[in-house]
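Please read these numbers as outputs of a predicted model, since none were measured by experiment.
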Amino acid sequence: MLARLPLVYLVITAVLTTSVSCFALDRWLQVRKLTVAFFVVSVGCCLGMIVVGGLQYQHWTPQQMLVAYSFTMTGLVIGFLLNRKLLLQYREEWRQGMRREKHEYPRRIVVIPVVTVGIMSLLGFVLAT
């Protein structure tokens, strides 16, 4: 359904989701190198999804892969948004010079992003076909 939109609109949504995710990461963690690395990895993942989608037996179009990428990145931002309190706490400890040998991560810190990315990926898949 969404894959029928013009390619320009889908590229704009992919750029918007990447920008929002990089802005949120930079806002929460305030580490420029990490934000730049996240941006480069995100663009690489988007291009990789388009290439791998074209190589698949089903021959996914670039439009379908851009829809899937946009929804997946939205799910990642939502997952991190729900866990930002603990991420901000770890950031403050790191900035104050407190170094831990091992961080104690509650199960929800992993489960919430996995669930939101999974749900958004399925929604993107449904709306891309």
Side-chain angles (χ1 to χ4, degrees):
M1 183 162 112
L2 289 177
R4 294 181 187 151
L5 289 172
L7 184 62
V8 175
Y9 294 144
L10 298 174
V11 169
I12 290 171
T13 59
V15 168
L16 256 167
T17 55
T18 303
S19 300
V20 167
S21 61
C22 287
F23 175 75
L25 183 72
D26 188 53
R27 180 81 177 188
W28 294 331
L29 300 181
Q30 297 174 348
V31 180
R32 294 273 185 231
K33 289 181 183 179
L34 182 63
T35 304
V36 170
F38 184 75
F39 174 75
V40 170
V41 168
S42 297
V43 170
C45 287
C46 181
L47 295 175
M49 283 178 69
I50 291 171
V51 169
V52 171
L55 297 175
Q56 294 296 315
Y57 174 73
Q58 297 88 355
H59 299 293
W60 295 95
T61 64
Q63 289 89 344
Q64 291 171 321
M65 297 312 290
L66 285 171
V67 170
Y69 170 79
S70 298
F71 274 84
T72 303
M73 287 301 287
T74 303
L76 186 65
V77 170
I78 292 170
F80 284 147
L81 178 69
L82 297 174
N83 289 326
R84 75 179 180 275
K85 185 175 180 181
L86 187 61
L87 292 173
L88 292 174
Q89 176 187 347
Y90 287 156
R91 181 197 70 182
E92 285 303 315
E93 289 176 2
W94 182 72
R95 287 187 181 258
Q96 292 172 358
M98 294 174 47
R99 302 286 192 252
R100 295 184 184 189
E101 294 205 15
K102 184 177 179 185
H103 286 283
E104 299 290 328
Y105 295 111
R107 284 193 189 266
R108 69 175 170 82
I109 199 96
V110 176
V111 171
I112 290 174
V114 169
V115 168
T116 56
V117 167
I119 289 171
M120 292 300 286
S121 295
L122 287 173
L123 185 61
F125 172 75
V126 168
L127 292 175
T129 54

Heavy-atom pair with the smallest gap, counting every atom of V67 and A128: CG1-CB, 3.9 Å

Can you list, by chain and residue number, the hydrophobic cluster partners of I12 when the side-chain cut-off is 4.5 Å? V8, L16

Closest heavy-atom contact between I109 and P113? O-CD, 3.2 Å

Output side-chain donor-acceptor pairs under 3.5 Å for residues 119-126, partner residues at least two apart or in another chain, one line each.
unit_1 : atom_1 : unit_2 : atom_2 : d
S121   : OG     : T72    : OG1    : 3.2
S121   : OG     : V117   : O      : 2.7

When clusters are formed by joining ILVMFWY residues with side-chain heavy atoms under 4.5 Å apart, either directly or through shared neighbours, do L7 and M73 land in the same one? yes

Applying salt bridge (charged side-chain N to carboxylate O under 4.0 Å, His left out) as the test, list every pair that has at least one member in residues 31-59; sequence neighbours left out. D26-R32

For residues I50 and P62, report the shortest heavy-atom separation together with the two atoms involved. CG2-CB, 4.1 Å

List for me each residue that meets side chain to side chain contact (heavy atoms under 4.5 Å, CB included) alongside V77, sequence neighbours excluded, and say none if there are none. S21

May I ask you to list the residues sharing a hydrophobic cluster with M98, side-chain cutoff 4.5 Å, ordered by chain and number? none

Does some side-chain heavy atom of L25 sit less than 4.5 Å from a side-chain heavy atom of L34? yes

By side chain to side chain contact (heavy atoms under 4.5 Å, CB included), which residues pair with R108, not counting sequence neighbours? N83, P106, I112

Would you check if E93 and Q89 make a side-chain contact, meaning some heavy-atom pair closer than 4.5 Å? yes

Please list all pairs passing the salt bridge (charged side-chain N to carboxylate O under 4.0 Å, His left out) test where one or both residues lie in residues 3-25, with sequence neighbours left out. none

Considering only heavy atoms from C-beta outward, does the side chain of L81 approach that of R84 to under 4.5 Å? yes

How close do A3 and Q64 get, heavy atom to heavy atom, and via which atoms? CB-CG, 3.6 Å

List for me each residue that meets side chain to side chain contact (heavy atoms under 4.5 Å, CB included) alongside A68, sequence neighbours excluded, and say none if there are none. M49

Other than Y9, what residues sit in its cluster of Ile, Leu, Val, Met, Phe, Trp and Tyr side chains whose heavy atoms are under 4.5 Å apart, directly or through others? none

Interatomic distance, CG@L29 vs CG@L87, rounded to 0.5 Å, equals 6.0 Å

Enumerate the ring pair (Phe, Tyr, Trp, His ring centres under 6.0 Å) contacts for residues 68-90, please, sequence neighbours excluded, ordered by first and then second residue. Y90-H103, Y90-Y105

Identify the heavy atoms of L66 and A14 that sit nearest to each other, and give their distance. CD2-CB, 3.9 Å

If two hydrophobic side chains count as joined below 4.5 Å and joins carry through other members, does V115 share a cluster with L82? no

Shortest non-hydrogen contact from L5 to Q63? O-CG, 4.4 Å

For residues 28-57, which residue pairs qualify under ring pair (Phe, Tyr, Trp, His ring centres under 6.0 Å), counting only residues two or more places apart or in two chains? none

OG (S42) and CG (L76) are apart, to the nearest 0.5 Å, by 8.0 Å

What residues form a side chain to side chain contact (heavy atoms under 4.5 Å, CB included) with V15, not counting sequence neighbours? V11, S19

